[in-house]
Undergrad: 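If you scroll down you'll find the structure; I have some questions about it.
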Amino acid sequence: MTAPADEHKTQHFLRQIIERDLEQQGLAGDRRFAGTPGDAAHHAAAAPDTARIRTRFPPEPNGYLHIGHAKSICLNFGLARDYGGVCHLRFDDTNPEKEEQEYVDAIIEAVRWLGFDWNVGGVSHLFYASDYFDFMYRAAEALITDGLAYVDEQSAEAMRHNRGDFNTPGTDSPFRSRSPAENLARFREMRDGLHADGAMVLRAKIDMASPNINLRDPALYRIKRATHHNTGDRWCIYPMYTYAHPIEDALERITHSICTLEFEDQRPFYDWLLEQLARLGLLAHPLPRQYEFGRLNLTGVMTSKRKLKALVDEGHVQGWDDPRMPTLFGLRRRGYTPESLRAMADATGASKTNAWIDRSVLDIALRDDLESRAPRAMAVLDPLPLVLDNWAEVYGSADHLEACSAPAHPQRDDLPPRRFMLGQRLWIEREDFAELPPKGFFRLFPGNKVRLKYGLIVECTGCDKDAQGAVTAVHARVVPDTRSGTPGADAVKVKGTITWVADADAVPAEVRLFDVLFTEDQPDAGGRDFRDVLNPASRQVVQARLEPGLATAQPEDRVQFERHGYFVADRVDHQPGRPVFNRITPLKDSRGR
Ligand code: ATP
Ligand code: MG
C-alpha cells in the first residue's frame, strides 16, 4: 500500500508547475497510455491515460539507496499520490558494468519500507530501462537515416579536444559528413561486434558550436563487451545515459521527469532528442518535460556512493546497514521511521538551488513522530548501585519489594500501565550522584533528598569508594510515607527527581550510543579526505539496565527511555533474553537544535 498522504504539505515550485499543468488540462486530455511502456504506435490506439500525472524514480542498481534517494522517492511518489497520478519504479540499468541483482532487490525493499508502491489498480509499474534496448537501437537507426547521427571514429582524445570548451567552439569531426547509408552500415557493424571496444561511437549531429557543450554532438552509443544483468551477452553496444533517459521517460509516458540540478544543462538535449523522435513518428505526443531541483545535502552526512563504499570496505563502519550509515538500510537499523523520513522530505520541500540543510531536520521529524506514540520506559545507561539502608526497618524485610506503576505514555490510554518493583538495591545513573555537588546540582549528594521517579523520596547518606577513589555505591535512606500517588507524596518538597531500576527485576541490555560519523559538517568538501575527520566516538557500547517490561521487546520496537531519548531494539542483533538497543536520537540535540 502506498503511504497515506501526510497531513502537512510544503508548497514548492514543482507543485506549482503540476497544478498549472493540471489546470490547463493539456496533459490528461490527449495523453493516451496503453497500460505498458511503448512507442507511438503502441499508445496510439489506447484510451486516455487515467493517471493525471506520471512521475518516476529511476535508480541505477549500482549501490544501496541513501537519504538523498529517499528525498527523490518521496518527491516522485508523493507528487503522484497527491495529484491523482502514478509513479513508476524504473531501474536505470543501461550501464552493464556496475549493476547487480543484489542492488535491484535491495532497492525494491527500501522503497517498500519507505511506504511507497508501484502497484496501482492491480497493475505493476516496475520497469527496467534495459527492456527498451530494442527501441533505443531502432531510434538510433532512425536518427542516422534522417541525417541526425553519425559514427565517429576519432580517438577519445581527439574527440575531447575537438569538443572545445566554454570559450572555444568545437571542431567538426572528419567523420561528421559521412552519408546516412555509410553511417548505418558502420553502426550495424558496431552492433554485430565487428569493432573493438572504444573504437568508435555513435554521435548525434547537432551543433559543434553550440554555447551548450552538451549539444556539441553528444555520444549516443558506445561499444562495450560486457555481460548485462538482464540482457546477458545480447548486446555489445550500449546507449549512453543522456540518450537513454529521455527515451525511457517517453516510452513510459512520464509527464514530469524530475531530476537533480546537475541535469539542467542536459535539458536542451532531452527536448531535442524527444522532438526528433516524435517528428519521425517513433514517440507519441505530448512528450515528457524535465524539471530540476536542488539535491538534498544534510550537514555531517556524506552521500557519495563511492565514498560510502570506502567507509564499508575500509572497515570504518560495520557494513552497509551500520546504524551510522546514511543508507536507507542504515537509517532503518538506527531506528528512523519511514514516517520521519517522509516528514523530513516534505519539510525540506524542493528548491532550485543546492543548499545544505542542517541534519537536525531528521531528528526533529523523528521526535515529532515518536513523541506521540513511542511507549516510555526507564533505563539506566551508566549504572551505579544505590542501597536504601533503612529498607528493612521501613518495610519489615530487606527482600521486600514494592510494586510500582507508571503510564506507558502520557497521552496513550490504549496502552496498559508499566509495572515494576522498588527494592532495597537499585541502579541509578552515575551522573546522578556527586560527593561534592556543583552549584545548581539537585540530585543525590550527602544530605540531599530526591524523588525516585514513580517511587518515593530518599535522602542520600554517603557512598562507598574503591582504592582509586571511584564511587562504587551510593547509600540513602527511605523517607517514610512519601510513595508516589499516596496522599503523603507531596508532604516533603524536593528539587530533584531521578530515574532508576530495581536490581530485583532489571533487564541487563547492550545499548549502542551513536553520534555523528564526522566531526565536520561538510566532511568531503573542498577535496578534503573524509578519513581525516572521522569521529572516533561515533559508536559507544554500554551495558545498561532496563525496566522489566522491555524483556519482551521485539526487534524494531521503538521506545523512549525517559530523559535519554528514543531507542530501538536492533533489528539484527536483538533477541528476547539478549536485548540490544540502539539510540536513535537523544531527546534534544546536543547542539541545542
Ligand atoms: P550516481 O549517479 O553517482 O550513481 P546517484 O545518487 O545519482 O548516484 P541514481 O541511482 O542515479 O544515483 O539516483 C536515482 C535518483 O535519485 C536520481 O534521480 C537522482 O537524481 C536522485 N538522487 C540521488 N541523490 C540525491 C540527493 N542527494 N537528493 C535528491 N535526489 C537525489
Ligand atoms: Mg545518477
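Count residues from 1 along the sequence. Both counts, for ligands and for their atoms, begin at 1 and track the order of listing.
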Undergrad: Report yes or no: does Thr303 have a heavy atom closer than 4.0 Å to ligand 1?
TA: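 Checking ligand 1 against Thr303, which is what was asked, there is no heavy-atom contact under 4.0 Å.
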Undergrad: Going by the order shown, which atoms of ligand 1 are within less than 4.0 Å of some heavy atom of Pro59?
TA: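 Those qualifying, in numeric order: 10 (O), 14 (C).
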Undergrad: Just jot down the ligand 1 atoms closer than 4.0 angstrom to any heavy atom of Lys305, in number order.
TA: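 So the atoms of ligand 1 that pass are 1 (P), 4 (O), 5 (P), 8 (O), 9 (P), 10 (O), 12 (O).
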Undergrad: For the residue pair His256 and Tyr291, is the inter-centroid distance of their aromatic rings smaller than 6.0 Å?
TA: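 Judged by ring-centre distance (under 6.0 Å), His256 and Tyr291 do meet the cut-off.
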Undergrad: If we only consider heavy atoms of Glu262, is any one of them less than 4.0 Å away from an atom in ligand 1?
TA: no
Undergrad: Can you name the one residue among Leu331, Ile584, Ile357, Val301 that meets side-chain contact (heavy atoms from CB on, under 4.5 Å) with Leu362?
TA: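 Option passing the side-chain contact (heavy atoms from CB on, under 4.5 Å) with Leu362: Leu331.
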Undergrad: Can you sort out the partners of Phe514 under ring pair (Phe, Tyr, Trp, His ring centres under 6.0 Å), two or more places apart, ordered by chain and number?
TA: none
Undergrad: Is the Trp320 to Tyr64 ring centre distance short of 6.0 Å?
TA: yes
Undergrad: Please identify which atoms of ligand 1 are closer than 4.0 Å to at least one heavy atom of Ser72.
TA: 16 (O), 21 (C), 30 (N)
Undergrad: Below a 4.0 angstrom heavy-atom separation, can you tell me which part of Asn297, side chain or backbone, both or neither, approaches ligand 1?
TA: neither
Undergrad: Is the positively charged end of Arg90 above the ring of Tyr128, judged by distance under 6.0 angstrom from the centroid and angle within 45° of the axis?
TA: no
Undergrad: Using a 4.0 Å heavy-atom cut-off, say whether Arg306 meets ligand 1 through its side chain, its backbone, both or neither.
TA: neither
Undergrad: Flag the pair Phe127 / Phe91 as yes when their ring centroid distance falls below 6.0 Å, and as no otherwise.
TA: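 Not under 6.0 Å, so no.
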Undergrad: For Glu60, is at least one N or O under 3.5 Å away from an N or O on ligand 1?
TA: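 Min N/O separation from ligand 1 is below 3.5 Å for Glu60.
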Undergrad: Looking only at the aromatic ring of each residue, does the gap between the centers of Tyr150 and Phe187 stay below 6.0 angstrom?
TA: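 Ring-ring flag for Phe187/Tyr150: false, centres at least 6.0 Å apart.
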Undergrad: If we set the cut-off at 4.0 Å for heavy atoms, which region of Phe293 has an atom near ligand 1: side chain, backbone, both, or neither?
TA: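 The answer is the side chain.
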Undergrad: Check this for me - ligand 1, Gly68, N or O atoms closer than 3.5 angstrom, yes or no?
TA: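 Between Gly68 and ligand 1, an N or O pair is found under 3.5 Å apart.
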